[in-house]
Amino acid sequence: MDNDLGNKLSEIENNVLLKVNNNTRKLVDDLVRVQNRLYFQLESLSWLQRRLAIKGQLPPLRGWATSPDVLLRLHAHIMATRPQVIVEFGSGASTLVIADALRQNGTGQLISIEHSDHYGAQTLTTLQAERLEGWVDLRIGDLEAWEGEHLNPEDAEKPARWYPCSLLEGVENVDLLWVDGPPGATCLFSRYPALPALAGKLSASAEVWMDDTIRQEEKDICERWAKDHGFELEYFPLEKGLGRLTRPGAPIVAPAPMAERSVAVRDEDTHPERALGLDFSLPEEQQGKD
């Protein structure tokens, strides 16, 4: 009887030790992934700051804001390809970065579409502080019902809403479409109308970039765009993901900056800090845009 009890206690002890060891290894692996991600973003931010010609500092690039790795790639792409017309949906840090690249190129214009007076005013103030407002046509309008085709189900809890199409008046020959809005909380597949609304306004060599493709909704949108509008689609495993749609046979752009190749970020490594109960965004950002 004593032997049976001893064996059972020994078995329980071994099982507990095994679970502790497994959990410890997982915790260490998660901490290493968090460290690598933070290093990668800091390195990208360092390279981005070297490229920018602004005198002030960038807005906070945590929380809902575009990540440094994406902004670095965006700036490098614009400097290399010299687009004449860029349209972005959702203003913010990307507006400043794009405008800086255009000024360094000495050519081009950004048409920035924003739904929030508050964030639009912040963007304008930042542009004015850097004397970049001349490179940006900032257009602000409340979201309204979207009447065209949409991936949002008709019986969805939230009806499809998007930017006023009147904000796109006069837009033609768009070389780069950067999609980072409206917020995901607007409705399901909230960013879907961007390409349908501009499909007839794109140049022959236009590219479409979608931020946040670690989210399945953004991937579904990109795949539908590629299918319906004849684009080739590739994903970049950056912090929040980036989807890039290009015309078939489009010329190859120069290699990515060194910082983008330094630390590989795998899909399974995405946001490991959340598994650890960590959140590096600012308090006000945690309740901000989605």
Side-chain angles (χ1 to χ4, degrees), residues 33-34 36-41 43-45 47-48 61-78 80-81 83 86-90 92-94 97-98 151 174-184 188-196 198-199 202 205-275 290:
R33 287 198 294 271
V34 169
N36 287 341
R37 274 198 58 225
L38 290 176
Y39 175 82
F40 180 64
Q41 293 309 312
E43 187 181 29
S44 295
L45 178 60
W47 279 102
L48 177 63
L61 301 181
R62 298 290 77 196
W64 51 262
T66 304
S67 297
D69 53 3
V70 173
L71 291 175
L72 175 61
R73 179 178 288 270
L74 185 62
H75 192 277
H77 175 79
I78 294 170
T81 61
I86 302 173
V87 172
E88 72 167 354
F89 292 111
S94 60
V97 168
I98 293 171
L151 299 184
V174 178
D175 297 311
L176 176 62
L177 173 57
W178 165 247
V179 185
D180 193 23
L188 294 175
F189 307 102
S190 63
R191 299 179 181 180
Y192 173 76
L195 187 51
L198 280 172
L202 301 180
S205 58
E207 295 193 11
V208 181
W209 289 29
M210 169 76 89
D211 197 15
D212 302 315
T213 54
I214 60 169
R215 300 193 302 220
Q216 189 60 47
E217 278 191 25
E218 273 64 27
K219 285 186 177 180
D220 291 343
I221 292 172
C222 286
E223 287 159 16
R224 182 63 176 269
W225 283 349
K227 176 182 177 182
D228 290 351
H229 299 277
F231 281 90
E232 294 179 346
L233 171 63
E234 60 180 330
Y235 294 113
F236 296 93
L238 305 180
E239 181 182 39
K240 297 178 183 177
L242 173 67
R244 180 187 180 193
L245 292 95
T246 56
R247 304 285 196 186
I252 299 176
V253 182
M258 183 177 69
E260 295 181 12
R261 300 193 296 267
S262 60
V263 180
V265 181
R266 301 170 298 175
D267 288 343
E268 61 267 28
D269 292 344
T270 301
H271 295 305
E273 69 270 22
R274 293 180 183 171
D290 189 9

For P83, side chain to side chain contact (heavy atoms under 4.5 Å, CB included) partners two or more places apart
I78, T81, I86, D175
Distance, nearest 0.5 Å, that separates CD of E223 from OG1 of T213
10.0 Å
Side-chain donor/acceptor of T246 to backbone N/O of E207, under 3.5 Å
no
With sequence neighbours excluded, what pairs up with S190 under the side chain to side chain contact (heavy atoms under 4.5 Å, CB included) test?
P182, T186, C187
Under the ring pair (Phe, Tyr, Trp, His ring centres under 6.0 Å) rule, collect the residues that match up with W178, sequence neighbours excluded.
none
About how many Å separate CD of E218 and NZ of K240, when rounded to the nearest 0.5 Å?
11.5 Å
Taking atom CZ of F231 and atom CZ of R244, what is their separation to the nearest 0.5 Å?
11.5 Å
Test side chain to side chain contact (heavy atoms under 4.5 Å, CB included) on L177 and F89; report intermediate values, then the result.
CA-CA 8 Å; L177 173 57; F89 292 111; 3.5 Å; yes
For D180 and S94, run side chain to side chain donor-acceptor pair (under 3.5 Å): C-alpha distance rounded to whole Å, both residues' side-chain angles, the deciding distance at 0.1 Å, then the answer.
CA-CA 9 Å; D180 193 23; S94 60; 5.2 Å; no
Roughly how far apart are I221 CD1 and M210 CE, rounded to 0.5 Å?
4.5 Å
For the residue pair L71 and V97, what are the closest heavy atoms and their distance?
O-CG1, 3.8 Å
Worked check of side chain to side chain contact (heavy atoms under 4.5 Å, CB included) between R224 and F189
CA-CA 11 Å; R224 182 63 176 269; F189 307 102; over 6 Å; no
Spatial distance of atom CG (D212) from atom OG1 (T66) [nearest 0.5 Å]:
7.0 Å
Nearest 0.5 Å please: distance from the CD atom of E234 over to the CG atom of L242.
8.5 Å
How close do L238 and D69 get, heavy atom to heavy atom, and via which atoms?
CB-OD2, 3.2 Å
Which atom of A226 lies closest to which atom of L233, heavy atoms considered
CB-CB, 4.1 Å
Quick check against the 3.5 Å criterion: does R191 have a side-chain atom that pairs as donor or acceptor with the backbone of E217?
no
Heavy-atom side-chain contact between V179 and L195 under 4.5 Å:
no
Any donor-acceptor pair under 3.5 Å from W225 side chain to P196 backbone
no
Just so I know, are the side chains of V208 and H229 near enough to count as touching, which here means a heavy-atom distance under 4.5 Å?
no
